[in-house]
2 protein chains.
Amino acid sequence: MAKKIELPEEIVETAKMAKALSHPVRVYILKKLSGFDACCYSGDLVDELPIGRSTLSQHLKELKYVGLIQGETEPPFIKYCLNNEKWTEAKKMFNQLFTEA
Amino acid sequence: MAKKIELPEEIVETAKMAKALSHPVRVYILKKLSGFDACCYSGDLVDELPIGRSTLSQHLKELKYVGLIQGETEPPFIKYCLNNEKWTEAKKMFNQLFTEA
DNA sequence: AAATCATTTCGTTTTTTTGCGAAATATAAA
DNA sequence: TTTATATTTCGCAAAAAAACGAAATGATTT
């Protein structure tokens, strides 16, 4: 019987990133922000998306938490932009997953 | 005020695929199966992974449900393999997401 | 026919996620 | 200083995901 393994950090991290992408609203936001020099405000998004303000705020918080986006306060707005380093890191993770050994 | 959109099918599908990848155990399984000509049995996995049989079975079911893997019955075992078409499709989805417009 | 083996399904519990509206915060304008 | 605006946090409810053990299934061997 093979030994029970601890799941490798690499795999845990990939799953974490996938979780951040596992809701359509979050994918929508990231797609929007990953365009050239694209940033946006919470208000822009809430007008487009079929969810309430507080719900949207939760999704933004999650994306901020995993580091994929960052919010720059620009009163009275908060300008959200992609964190390009993290985005690249995520891209690499998925590339590696899909590039068979 | 911009119009509330229905989330595009492409985005919903990407989120669905990401959800399938949002648990470390499922990432582990897919990584294992995506090696060259790699297949395995539930029993192999349960020996390696720190979860019970029925829990593993649930994860396999989910991966089957989204079409990423398929089980070929080979009594008294069930041989699980990657569904290569779907895997390629998933790869494309993430490629598209990460390839800015 | 009974026992065995690999795996799944069922029933249940716990935890996490999603969603909302109301209230709070923080800033700017009147 | 009151009012308005943009956004978040809080408190809650509903839904979904994760996990387990026990029982069921389906095929094989004794």
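Letters A, B, ... mirror the listed sequences (proteins, then strands); counts begin at 1.
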With a 4.0 Å cut-off, would you call A/K19 and A/E62 a salt bridge?
no
Using a strict cut-off of less than 4.0 Å between a Lys/Arg side-chain nitrogen and an Asp/Glu carboxylate oxygen, indicate whether B/K86 and B/E89 qualify as a salt bridge.
yes
Would you confirm whether the ring centroid of B/F94 sits within less than 6.0 angstrom of the ring centroid of A/F98?
yes
Checking C/dT18, C/dT7, C/dG19 against the side chain of B/R53 (C-beta onward), the nearest is C/dT7
Mind checking [X] for me? I need base, sugar-phosphate or nothing, with any heavy atom below 4.0 Å counting as a touch.
X: A/I51; value: sugar-phosphate
X: B/S54; value: base
X: B/S42; value: sugar-phosphate

Contacting residues from residues 61-72 of chain A, given that a heavy atom lies under 4.0 angstrom of DNA chain C
A/E62
How close or far is atom [atom2] of [N] from atom [atom1] of [X], stated in whole angstroms?
X: B/H23; N: C/dT17; atom1: NE2; atom2: P; value: 11 Å
X: B/E74; N: C/dA6; atom1: CD; atom2: P; value: 14 Å
X: B/D44; N: C/dT7; atom1: CG; atom2: P; value: 8 Å

Sorted by position of nearest nucleotide on DNA chain D, 5' first, the leading residue of B/V25 and A/Q58 is A/Q58
Distance check, rounded to the nearest 0.5 Å: B/L45 atom CG versus B/L33 atom CG?
7.0 Å
Between which nucleotides of DNA chain D, read 5' to 3', does contact with chain A run, using atoms under 4.0 Å from its heavy atoms?
D/dA6 to D/dT9
Phosphate OP1/OP2 of C/dT17 contacted by A/K19 side-chain N/O (<4.0 Å):
yes
Below 3.5 Å is the cut-off: list the nitrogen or oxygen pairs between protein and nucleotides 23-30 of chain C, distance only.
none

